Amino acid sequence: MNNPFENALEQLQRANAITSLHPDILQILSHPNREVRASIPVRMDDGSLKIFEAYRVQYNNARGPYKGGIRFHQNTDINEVKALALWMTIKCAVVNIPLGGGKGGITIDPKKLSKTELEKLSRAWIRAFAEIIGPHKDIPAPDVNTTSEIMNWMNNEFSKITGDTSGAVITGKPINAGGSEGRGIATAQGGFYVFETVREKIALPASCNVVIQGFGNAGAHAAEIWSKAGHKIIATSDSKGAILNSAGLDITELEKYKKVSGSVIGFPGSKTISTEELFALECDVLIPAALENQITLDNASQIQAKCILELANGPTTPEADDILFARGIPVIPDVLANAGGVTVSCFEWEQNLKNEHWSETMVFEKLQKMMQTETMNVFTRAQELKTDLRRSAFIIALERIKKNITL
Ligand code: GLU
């Protein structure tokens, strides 16, 4: 398994090889400002006590408070959290929001916990890190397996400890608890704005065949948004496997089916396929919307998509990037394609600080404008430098971050 932090550093070095940052800046950005680990005890329903490994990495705050989600996953470890925190630093700069980068996590499969245990664990994460987070210090948010309900518990725990009831310490809260309109679908919606901005430029048809790996928050919302816009979702997957229907999956029905059965597998009219087959399907757009290290040296040469749009963080390894670039398959990188989530998080934070509530129309108008502008920047720069979109996005981000670092 590739170490995601090494991949993230490799991406940084590749961008630096073109733009030549000051060597001191490259050194600074190759290390997180702080990584904090905590052992958090939780009383389980059966009366036993369990200790969980928890993390918060505060990567860089040159452009504003640290910002980034909290992941609950059995494979989460410090290297993953460091990689995700570096990507947050780059991502916030790519979309030009006044925030730095951080990330948190707990090594746990939350599906194995009861709701009471999950709430205790979420509140315990806040107690462990309360001193280092805050509306002007570090603002967590949802990530893989963490929901608006969890953000609500966390925000509530923070206000119990500090007395701060602004809600500005956590984003991704439910709307009735200070959350922003549109935050739930923002990652997928932002990705769609990126896609629409470049669809014709990369010679994609008005109606595309789309393959989506992952049917969680990002993947399922992407399936809804793309299919509503007239595109055809031919295949998708979850942790239990992948399904294909070349005539197109009915996304509304699939969502209902998954809610009841717990998986996309067995959906009427679809055929079960392997993940390898999913990645090798002929399609216009392939959207990885699950975890890191999915497109690698092993499968990059089998990909038959005309374009890849990364809604997941870190799905493509640097070696796979090289293969895809040589094959002329554009990869729209995570730090741009999935930045809609943190952008609407930034709107939520702003609304909480000003005690405002913006309409969904206002949120999406602002989001669309920002995604369009920064997508154009990334594409233009890539053309000028004759490089790939990831290097281009990193270069734009690094130039912005550099301005705020005094040596
Ligand atoms: N977890 C999301 C990401 O990776 C959102 C982070 C946030 O909203 O702060 O971009």
Side-chain angles (χ1 to χ4, degrees), residues 4 8 55-61 63-73 76 80-106 125 129 133-135 137-148 150-152 154-155 167-174 178-191 194 214 216-219 221-222 288-292 309-315 332-352 363 367 370-371 374 393 397:
Y55 318 89
R56 186 70 184 171
V57 171
Q58 298 184 319
Y59 205 93
N60 186 277
N61 62 351
R63 289 176 45 88
Y66 301 105
K67 183 84 192 83
I70 304 169
R71 178 172 293 197
F72 287 1
H73 195 275
T76 289
E80 183 185 54
V81 179
K82 270 158 65 176
L84 292 163
L86 170 51
W87 286 323
M88 286 309 303
T89 307
I90 300 295
K91 190 186 302 185
C92 291
V94 169
V95 282
N96 214 359
I97 53 178
L99 294 164
K103 201 83 177 195
I106 304 183
W125 191 96
F129 298 108
I133 63 170
K137 278 197 244 174
D138 183 352
I139 307 139
D143 194 71
V144 172
N145 290 330
T146 47
T147 59
S148 60
I150 293 177
M151 296 306 114
N152 195 24
M154 290 182 157
N155 178 43
V169 65
I170 298 256
T171 59
K173 302 177 294 297
S180 177
E181 301 289 341
R183 177 62 186 87
I185 67 163
T187 304
Q189 190 64 52
V194 172
N217 178 51
H221 286 132
L291 297 167
E292 328 56 270
L309 183 120
E310 297 182 332
L311 281 189
N313 287 307
I332 306 176
D334 47 8
V335 289
L336 171 69
N338 72 28
V342 73
T343 302
V344 177
S345 272
C346 181
F347 298 164
E348 180 172 331
W349 174 63
E350 217 180 309
Q351 290 171 77
N352 294 151
V363 166
L367 177 67
M370 288 167 76
M371 299 309 289
E374 301 308 335

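When reading the values below, keep in mind they use all heavy atoms of this one structure, side chains included, and skip hydrogens, waters and symmetry mates. Since the model is a prediction, treat every value here as computed from it, not as a measurement. Whatever order the structure lists them in is the order used to number ligands and atoms, beginning at 1.
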For ligand 1, which atoms sit closer than 4.0 Å to a heavy atom of [X]?
X	answer
K103	1 (N), 3 (C), 4 (O)
G68	9 (O)
G69	6 (C)
A141	7 (C), 8 (O), 9 (O)
S345	7 (C), 8 (O), 9 (O)
K91	3 (C), 4 (O), 10 (O)

With rounding to the nearest 0.5 angstrom, report the CG to NZ distance, D143 to K103. 3.5 Å
Taken to the nearest 0.5 Å, the spacing of K67 NZ from T171 OG1 works out to 3.0 Å
Could an N or O of ligand 1 be found under 3.5 Å from any N or O of M88, whether backbone or side chain? no
Answer whether the closest heavy-atom distance between the side chains of V169 and P135 falls below 4.5 Å. yes
Hey, is the main chain of I70 close enough, under 3.5 Å, to the side chain of T146 for a donor-acceptor pair? yes
Donor-acceptor under 3.5 Å (R183 side chain, K173 main chain): no
For ligand 1, indicate whether the residue N313 contacts it via side chain, backbone, both or neither (heavy-atom separation under 4.0 Å). side chain
Heavy-atom nearest option to atom 1 (N) of ligand 1, drawn from T343, V144, D143: D143
Within the structure, is a non-hydrogen atom of P142 found at a distance of less than 4.0 Å from ligand 1? yes
Apply the side-chain contact (heavy atoms from CB on, under 4.5 Å) test between K91 and each candidate in T343, N338, D334; give the one that qualifies. N338
Nearest heavy atoms of P4 and E80, plus distance in Å: CG-CA, 3.8 Å
Looking at N155 and G167, what are the two nearest heavy atoms and their distance? OD1-CA, 3.5 Å
Closest protein heavy atom to atom 9 (O) of ligand 1, given as residue, atom name and distance to 0.1 Å: K67 NZ, 2.8 Å
Nearest protein heavy atom with distance in Å, relative to atom 5 (C) of ligand 1: R183 NH2, 3.5 Å
